[in-house]
Every structure is written in C-alpha cells, then in structure tokens.
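Keep in mind that the numbers below use all heavy atoms, side chains included, and drop hydrogens, waters and symmetry copies. In this chain, numbering begins with 1 at the start of the sequence shown.
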Amino acid sequence: MSTILIFIILIVVISIIHFVKDSTNENIKVKNEGGIRTKYSKLINNFIDPDSGMRIVEETDTYICIAMSNTSGQIAFHFQHTFGSINVTMKMNNIFLGKHKLEWDFPENMSQEAMITKIETETRQYMDSVASKLQ
C-alpha cells in the first residue's frame, strides 16, 4: 500500500516539475518577444481607447488588463498568454444589464485581425441578445 502511495506522490511531483518548467519557458519566450503588449499589439491596441476611458490597469509580461468604469458599471478585457495561445476574457458589470462574462481562446499564430473580428462580432451578438430580453 505504501509503495503505491509513494509511486503516486512521485508522479504528481514529476508532473508539477514539468508544468513549472514548461510555464517558465513559455514566460521567457513571451518576454523575449517583447511581452504580451508587443506580441499582441494589434489586438490589445484595438481595445485601448482613451476617449471611452478604456486603459491599461494591470500588466505583466504574459498578462494585461484593459478596463474602464463609470457610474453605471465596469467593463474589463483580460488578455493572458498561455502555452501557445492567447486567452481573452471580457467581464462586464452594469447596473442595468447585470454581470456578464465572455471568453475566447486563440492560437498564438492566428491573425490578430481575425481575433478582433471574432471578439467584436460575438460581443455584439451577445449584447444584442441581452438587450432584446429587456424589451
């Protein structure tokens, strides 16, 4: 019984070591490419809009959050680079529309223009659906 437990613990430890190593290598790769803001500049700059209040509120080499808030609520876009992909999450909390969350995963080599189109199209469709339920 104890041999099986030791074997299981050994497998878990080896798995954790491999994950940490792969994660570190991926972070170094993105950092060497200029960080997430440089690597995904078209995608990220599309969401920065000083006129609307959308601005960078948090940034690391592999993560960036662009957000704005006003009296009716907040909206934030989170961009996270992970193992060969970019994860985008939109979170909105609005006093009239409630809380909403949309997520996308794109391969890192996908056209950033295609990413933008998909995000904007699906967000528009989702918000149209939400608004139609209020009528």
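Under a hydrophobic-cluster definition in which Ile, Leu, Val, Met, Phe, Trp and Tyr are linked whenever side-chain heavy atoms come within less than 4.5 Å, directly or via other members, Met54 and Ile44 are assigned to the same cluster. The hydrophobic clustering, which links ILVMFWY residues whose side-chain heavy atoms are closer than 4.5 Å, places Ile14 and Ile6 apart. Each of Tyr63 and Ile66 belongs to its own hydrophobic cluster when Ile, Leu, Val, Met, Phe, Trp and Tyr are linked at side-chain heavy-atom distances under 4.5 angstrom. Transitive grouping of hydrophobic side chains (ILVMFWY, heavy atoms separated by less than 4.5 Å) keeps Met68 and Val57 in distinct clusters. In terms of hydrophobic clustering, with Ile, Leu, Val, Met, Phe, Trp and Tyr side chains grouped at heavy-atom distances under 4.5 Å, Ile75 and Trp104 are assigned to a common cluster.
No donor-acceptor distance shorter than 3.5 angstrom exists from the side chain of Ser129 to the backbone of Gln125, with no hydrogens or angles considered.
Partners of Phe77 according to the ring-ring contact (aromatic ring centres under 6.0 Å, His included) rule, which considers only residues two or more places apart in sequence or in another chain, are Phe47. Every side chain to side chain donor-acceptor pair (under 3.5 Å) that Asn46 has, sequence neighbours left out, goes to Glu120.
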Walk me through whether Ile56 and Arg37 qualify under side-chain contact (heavy atoms from CB on, under 4.5 Å).
CA-CA 10 Å; Ile56 296 171; Arg37 193 190 311 196; 3.4 Å; yes
Stepwise side-chain contact (heavy atoms from CB on, under 4.5 Å) test for Glu108 and Ile86:
CA-CA 6 Å; Glu108 70 179 317; Ile86 177 84; 5.8 Å; no
For Lys42 and Met115, run side-chain contact (heavy atoms from CB on, under 4.5 Å): C-alpha distance rounded to whole Å, both residues' side-chain angles, the deciding distance at 0.1 Å, then the answer.
CA-CA 10 Å; Lys42 288 180 186 175; Met115 293 178 196; over 6 Å; no
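For the atom pair CG (Leu102) and CE (Met90), the distance works out to 4.0 Å, reported to the nearest 0.5 Å. Annotation: the span from Lys101 atom NZ to His78 atom NE2 amounts to 8.5 Å, rounded to 0.5 Å. Distance OH/Tyr40 to CD/Gln112: 7.5 Å, rounded to 0.5 Å. For the atom pair OG1 (Thr62) and NE2 (His81), the distance works out to 8.0 Å, reported to the nearest 0.5 Å. Put simply, OG on Ser41 and CD1 on Ile36 are 11.5 Å apart, with the number rounded to the nearest 0.5 Å. In this structure, OG1 on Thr89 lies 9.5 Å from CD1 on Ile119, to the nearest 0.5 angstrom.
Ser69 approaches Gln74 most closely through the heavy-atom pair CB-CG, 3.5 Å.
One side chain, Asn87 or Thr82, offers a donor N or O that lies under 3.5 Å from an acceptor on the other.
Within the structure, every pair that satisfies the side chain to side chain donor-acceptor pair (under 3.5 Å) test and touches residues 91-100, not counting sequence neighbours, is listed here: His100-Tyr126.
For the pair Thr38/Glu33, no side-chain contact is recorded, criterion being any heavy-atom separation below 4.5 Å from C-beta on.
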